[in-house]
Structure formats: structure tokens, C-alpha cells
Amino acid sequence: MDTSGIVLEAVRKVYPDGTVAVDSLDLEARAGEVLALVGPSGCGKSTTLRMINRLVEPSSGRILVGGTDVMGQDPVELRRGIGYVIQHVGLFPHRTVAQNVATVPGLLRWDKARTADRVAELLDLVGLPADTYGPRYPHELSGGERQRVGVARALAARPPVMLMDEPFGAVDPQGRRRLQREFQALQRELGLTVVMVTHDMREAVLLADRIAVLSRGGVLEQLGTPEEVTGSPANEFVADFLADFGEAPAA
Ligand code: ADP
């Protein structure tokens, strides 16, 4: 059964100042796929992503996660079931790595033993052995390690869906490549449905099953596999966007 796909139907967001960030977007992330949202700065990528977990309230249209309309759910509950990873990962600085990863289990009132097991499992999963890293504080980690902790924290309650906004943007280039590959392995292993915002076409080609190219106002210019988008751009906008990436990445 398809329980974790995401469907956007005629979704629109007008901010209070009148900015039409997303005009009328229809889009689907199928269960188990990585969908990358790419496009120039200000085209509505983050707004689109943040409407899925209701950090931004849609002005109209419908968003279904696992077949359920997000507007019918309590936003806090909704967010506990959807992993969210952002560029500057926002770890709690005065909590240890283990405590950071245990945030959602704590909110869900898991008992201590179950939480500790899950934290150890997750830290191992992202390559940070719990014995070494669990007791550390965020300032004692490298940027890449912090990002891994962010991913572990987002995975804590086994969400079937992850939203990621420039998740590897703050990591140095060598570290980023490794982290991307590790994330990909993890995503496949867990069968996660992922919507990822990136301004980096290379990252989209590397990680996404399908790429949605957006232009200003959240207009969907093309939706396709990396091969389709890079091999046959649907129009001039997409071709120009790809051209900005120089030796556009081979899919
Ligand atoms: P992207 O992620 O593609 O860079 P955003 O979704 O952040 O784009 O922004 C889309 C548009 O909405 C931009 O014009 C941006 O300035 C505007 N915008 C974003 N957040 C707000 C806000 N809180 N209030 C008003 N306008 C906003």
C-alpha cells in the first residue's frame, strides 16, 4: 500500500505582503522516491517544502501525505511524523548529541531504554558511534558531523517522509560527497520518501529519482528523471537553468 507518498494539488501560497510565492502547483513525490526541487533563488522551493509540514500554511489547494490531508491534522503531530533537515541543522547547543537525537522520542514519551537503543542505532547508522559521539556537544563536532546528527535526529521516530532543505549546503565539498552517498544508501535501505530542495543541479542529479524544475511563483517547468531533465530540457527556461551549471552533470 502506498502510505507515504506526497501529493500537492493546486497549492498556492500568498504571503501577507502580497508575494505570490507559489501560484498553483500540482506535484507528486511517490512513496520511496527522492524528489528534488530545483530552480533559481526565490522561485518558491522552500515555501513548497515548508507547506508540506505546515511550517508555512498554504493559502489554498490541498496537500496529502500518505493520503491524508495535512490541513486536517494537528501541525505539531504532523511534524513529529515528518523528518525535517535544514542547512544549518539547528542542533540544541546545550544538549549532547545523544540528547539531540532523542528529541522526538522524548516528545513521544518513549521509555529510557527504548530511546537509548534507538539513539545508539541511529548514530551508528549515520557513522557516528554512540559511545564516542553521544556524550559530545554540537560545538565539538565538524560541520559534516553536525549534519549527520541532524539526519539522525530527523530519523528518530522512523518517519516515512523526510523534507530536506539544502541539507548538505553547509558541508565542505569533500565531506558533502561522502554524506550524499551515505544518505542515498540510508534512504534506499529505509525506503524513505524524500523531498529535497537544492540549488545545486549536481546534487539533484546525484541523489534524485526525479527532478522538478521550478521557475518564479512555483511554476513547474519540468518534472522528470535526471536523464530526462538533463538530456531533453522541456523548454528554454530549463535549458538556461542547466547551462548555468557549466559542464552540466552527466546523469
Ligand atoms: P526559494 O526557496 O526558491 O529560494 P522561497 O520559497 O524562499 O524561494 O521564496 C519564494 C518567494 O517568496 C520569494 O520571492 C521570497 O522573497 C518570498 N518569501 C519567502 N518567505 C516570505 C515571507 N515570510 N514573507 C514574504 N515573502 C516571502
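Numbering of ligands and ligand atoms starts at 1, following listing order.
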Does the Q99 side chain pair with the main chain of Y137, one donor and one acceptor, at a distance under 3.5 Å? no
Are M164 and L190 joined in one hydrophobic group, where the rule is that I, L, V, M, F, W and Y side chains link up if heavy atoms are under 4.5 Å apart? yes
A student checking ligand 1 against T19 at a 4.0 Å heavy-atom cut-off should list atoms 12 (O), 14 (O), 17 (C), 26 (N)
At what distance is the nearest protein heavy atom to atom 8 (O) of ligand 1, and which residue and atom is it? G44 N, 3.1 Å
Strictly below 4.0 Å, N to O, side chains only: are R148 and E182 in salt-bridge contact? yes
Backbone or side chain, does any N or O of A21 fall under 3.5 Å from an N or O of ligand 1? no
Close-contact set for ligand 1 against C43 heavy atoms, below 4.0 Å: 1 (P), 3 (O), 8 (O)
Protein contact to atom 2 (O) of ligand 1 [nearest heavy atom, distance to 0.1 Å]: S46 N, 2.8 Å
Would you say atom 4 (O) of ligand 1 touches the protein, meaning some protein heavy atom is under 4.0 Å from it? yes
If you scan protein heavy atoms around atom 11 (C) of ligand 1, the nearest is G42 O, 3.6 Å
Less than 4.0 Å between atom 15 (C) of ligand 1 and some protein heavy atom, yes or no? no
Where ligand 1 meets S41 - atom numbers and elements under 4.0 angstrom, heavy-atom basis: 4 (O)
NZ/NE/NH1/NH2 to OD/OE distance under 4.0 Å, E121 and R118: yes
Backbone of V70 reached by a side-chain donor or acceptor of R54 within 3.5 Å: yes
Within 4.0 Å of some non-hydrogen atom of R216, the atoms of ligand 1 are 14 (O)
Cationic tip of R178 within the cone over F183's six-membered ring, i.e. under 6.0 Å and within 45° of the normal? no
Proximity to ligand 1 by part of T47, non-hydrogen separation under 4.0 Å: both
With distance as the sole test, does D23 use its side chain to make a donor-acceptor pair with the main-chain N or O of G217 at under 3.5 Å? no
What is the nearest protein non-hydrogen atom to atom 18 (N) of ligand 1, stated with its residue, atom name and distance? Y15 CE1, 3.4 Å
Over 12 non-hydrogen atoms of neighbours within 6.0 angstrom of NE2 in H94: no
